[in-house]
Structure formats: C-alpha cells, structure tokens
Asks: 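Starting off with a structure, shown below.
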Amino acid sequence: MPELPEVETSRRGIAPYVIDKKVVAVTVRQRQLRWPIPTTIKRNLPGMTIDGLARRAKYLLFRTSRGTMMLHLGMSGSLRILAAGTPAGKHDHVDIEFDSGKMLRFNDPRRFGSLLWTTDVDHHRLLATLGPEPLNDEFDGDYLWQRARGRKVSIKQFIMNANIVVGVGNIYASEALFRAGISPKISAQRVSKRRMQVMAAVIKEVLAEAIEAGGTTLKDFLNSDGEPGYFKQDLRVYGREHAACFDCGEPITRCVQGQRATYYCKHCQK
DNA sequence: CTAAGGACCTGTCGGC
DNA sequence: TGCCGACAGGTCCTTA
C-alpha cells in the first residue's frame, strides 16, 4: 500500500488530528512488528503533546519534547483516525488516543511496519544513511549520475536503493523508467548524464502527480478501511503485462529484478 | 565497498 | 470445496 505518495498523503491526513494534541493513552495489542515495539513508547508517550509530524523517506516522525516516535507502514500498514473506543478488528495493533476524543489506529496485516522511539532522530541508524528526498532540489540528474559511477546494478534497482534516493517504490520505479524511456535492465553506470537528468525529472514528476492524486486518497483515508489501488488509473505499465503499451501498442513485458516484478515496454524503453 | 539472496508475515488468487 | 504455489505497494541483514 504505501509508496512515498501514500505515506505523504497519510501524513497530511492525520496531521490535523495529532498536531498539538495530547496523548492520553497508548494501547499495544501486538508488539511483534518488523521490530518489537519498544516499551519506551508506552512509558514516554502518554501525557506528551505531539509538537510536529514530519516525514523522512517513508517514516512518519511524531515529535514530542521527550523524543520522537518513528512509524513505518511497511508493505501493508495503514493509519486511520477514529473515535476513541472504536472496537478493534483484526491486525489493529496499536491505538494512540488523544485528549480530543479521537485516536490514531495502526493496522498492519503483514507486520512489516514498525513503531520505534528515539531521543536522537538526527542520528538514528535507520535514517542516517538515507539518500536525499526525491522532491528536494539537491536530488537531480547530476547527483544521480555521480552516484552511479562504478555501479553495475540495474538502473531500476539503483533508483530503488534508499541510500541513493528515498521513496521510489516498486510501482513508481517502473512508471518513472517508462516515462524516461529507459530500459529497467541497463546498468546504472551506463546511463548518460543527459538521461539521468531525464530520470530525475520523471521521478519528481511521477511522485508529485501521485501525491496530487493522493488528494482523492486523502478523502477516503479517514473513513475507508484502507482499500489499495487509488492510483491505478494513472499507471502506464505497472500491472499491465501483455496489455498494449499506451504509446506504441506493443505488449508490456513483465520481468523480475531483485525478486521484485518489473513492467516495461521493450519497444519504448532502451 | 558492491551485489545478491534470504528473512520477516498474512492474505488473496488462480489452477487442479 | 480444499489444497498448493505464486504473488503482493518494503527494507534490513548476512554472505560472498
């Protein structure tokens, strides 16, 4: 479910309900997520006010004067704002209740998500080595080209590497490569500087468009039960194996790279 | 250092 | 209907 656009959409959706709100209770029903939820959360969070809600890569950062709660949605996590006391269903692992009478509920069937606590977010090991945010100015074609020196890995796996650039998930990696006309299989070091400039531009474009489309998701976000696939109508190659390419009409190809599915047009992408 | 593969976990879908 | 394998929007860790 969560690519960067959806994480950003989630952040915007929940922000009004958590910022400047005081936590009155934390309920943990299942602490075995990607990592066990530390006891420091239940110990530190109640009584604290959420001073800010930021996003770094796909982590949501809930800032308090005592420390920061880091939340990652993993592969199947979702957040909802509900009235406090709403009965919990399957995979509703954590509730954070506020003095407003609302609560933030974290649901995650596959439990690849995580909920962590840190007093030093600037040096946290999971954040320290991350590459730039794709929508920031520091991320551009020159940067990509420079980082690709000596990299034999495929361009698709290269742009999905969070140490190079964060937030490019499996769907938008395929989508961006299609828009750039670049084959997902070519080695990163063999992509010219000019083409890397196109690469960076389309990554920004596709993520920005998806965040924009997230407005629709945002609306449903609070009252739906997390149906996936809001961006489906905009996808040009992802999930379209054998279907006709929108540009040339040739069938879309599916292959596997790094154990993840890749979709591309052999005719349009070289 | 890079690259490749396994690991974590549940749910759904198609085929037999 | 039941069973089984393949697959799913992430990413860290181990090994070579």
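In the text below, chain A, chain B and the rest are named by the order of the sequence lines, each starting its count at 1. If you're wondering where the values come from, they're calculated on a predicted model, not measured in any experiment.
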Asks: Give a yes or no answer on whether the side chain of A:Thr49 reaches the backbone of A:Asp51 with a donor-acceptor pair at less than 3.5 Å.
Replies: no

Asks: Apply the hydrophobic cluster definition, ILVMFWY joined by side-chain contacts under 4.5 Å directly or through others, and give me every member besides A:Tyr59.
Replies: A:Trp35, A:Leu61, A:Met70, A:Leu116, A:Val121, A:Leu126, A:Leu127, A:Leu130, A:Val166

Asks: For B:dA4, take OP1 and OP2 only and decide whether either is under 4.0 Å from a side-chain N or O of A:Gln259.
Replies: no

Asks: Between A:Gln157 and A:Ser154, do the side chains contain an N or O donor and an N or O acceptor separated by less than 3.5 Å?
Replies: yes

Asks: Is A:Arg254 near enough to C:dA8 that one of its side-chain N or O atoms lies under 4.0 angstrom from OP1 or OP2?
Replies: yes

Asks: What string of B, S and - do you get for nucleotides 10-16 of chain C, 5' to 3', when a contact is any protein heavy atom under 4.0 Å?
Replies: BBBS---

Asks: Taking the minimum atom-to-atom distance to the side chain of A:Arg111, which one of B:dA4, B:dG11, B:dC9 wins?
Replies: B:dC9

Asks: Once salt bridge (charged side-chain N to carboxylate O under 4.0 Å, His left out) is applied, what residue pairs with a partner in residues 154-164 of chain A remain, sequence neighbours excluded?
Replies: none

Asks: Charged N to carboxylate O below 4.0 Å: is that the case for A:Asp92 and A:Arg80?
Replies: no

Asks: Would you please enumerate the stems DNA chain B participates in, each stem being three or more consecutive Watson-Crick or G-U wobble pairs with both distances under 3.5 Å?
Replies: B:2-8 with C:10-16, B:10-16 with C:2-8

Asks: Heavy atom of residues 174-185 of chain A under 4.0 Å from DNA chain C: which residues?
Replies: none

Asks: So, OP1 or OP2 of B:dG11: does either fall under 4.0 Å of a side-chain N or O from A:Lys90?
Replies: yes

Asks: Any side-chain N or O of A:His91 less than 4.0 Å from the OP1 or OP2 oxygen of B:dG11?
Replies: yes

Asks: From the set B:dT10, C:dA8, B:dT2, return the single nucleotide nearest to any side-chain atom of A:Tyr263.
Replies: C:dA8

Asks: What does A:Gln32 touch in the nucleic acid at a heavy-atom separation under 4.0 angstrom: a base, only the sugar-phosphate, or nothing?
Replies: nothing

Asks: Distances under 3.5 Å only, N/O to N/O: pair up the protein atoms with those of nucleotides 3-5 of chain C.
Replies:
none

